[in-house]
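The structure appears right after this line, and notes come after that.
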Amino acid sequence: MSDVQVTCINKLPRQNTHEGITHLGNSTGKWTRAQVIQWIEEKTNTFYTLVGGKRANIGVVNGQNGKVRPHLRRRPVE
């Protein structure tokens with residue numbers, strides 16, 4: 001299993017701060033949101049961000065009653 005730091009994202013539309021992430025990546029590669037969700041759910045890779053020296057793990061959040069597709073969320077590490 002790899003522990004991957006995410007340093008960049010691609011979004012559509014670019015100005016929306018909460019919606020539209022299409023890809024996540026770093027200096028070694030770029031992956032679709034669907035790939036990252038799959039790898040997290042399969043427990044083959046973990047993903048995180050590092051901002052101001054503070055780590056936040058990226059996890060999968062499933063929508064209520066299956067109405068909203070799975071999405072990604074950062075959770076600060078205490």
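- Counting heavy atoms from C-beta outward, Gln5 and Thr7 have side chains that approach closer than 4.5 Å.
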Step-by-step side chain to side chain donor-acceptor pair (under 3.5 Å) determination, Asp3 to Thr46
CA-CA 5 Å; Asp3 192 32; Thr46 56; 2.5 Å; yes
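- Among the candidates Ile9, Ile58, Val6, the single residue satisfying the side-chain contact (heavy atoms from CB on, under 4.5 Å) test with Leu72 is Ile58.
- Between Phe47 and Trp31, the ring planes lie perpendicular to each other; the angle is over 60°, past the 30° to 60° tilted range.
- The side-chain hydrogen bond (donor to acceptor under 3.5 Å, both in side chains) with Asn10 is formed by just one residue from the set His23, Lys30, Arg33; it is Lys30.
- Distance check, rounded to the nearest 0.5 Å: CE of Met1 to CG of Asn45 gives 8.0 Å.
- Put simply, the side chain of Glu41 never gets that close to the backbone of Gln38: no donor and acceptor are under 3.5 Å apart.
- Atom OG1 in Thr44 sits 7.0 Å away from atom CH2 in Trp39 (nearest 0.5 Å).
- To the nearest 0.5 angstrom, Gln35 atom CD is 10.0 Å from Leu24 atom CG.
- The hydrophobic cluster containing Tyr48 does not contain Ile21, counting ILVMFWY residues as joined when their side-chain heavy atoms lie under 4.5 angstrom apart, directly or transitively.
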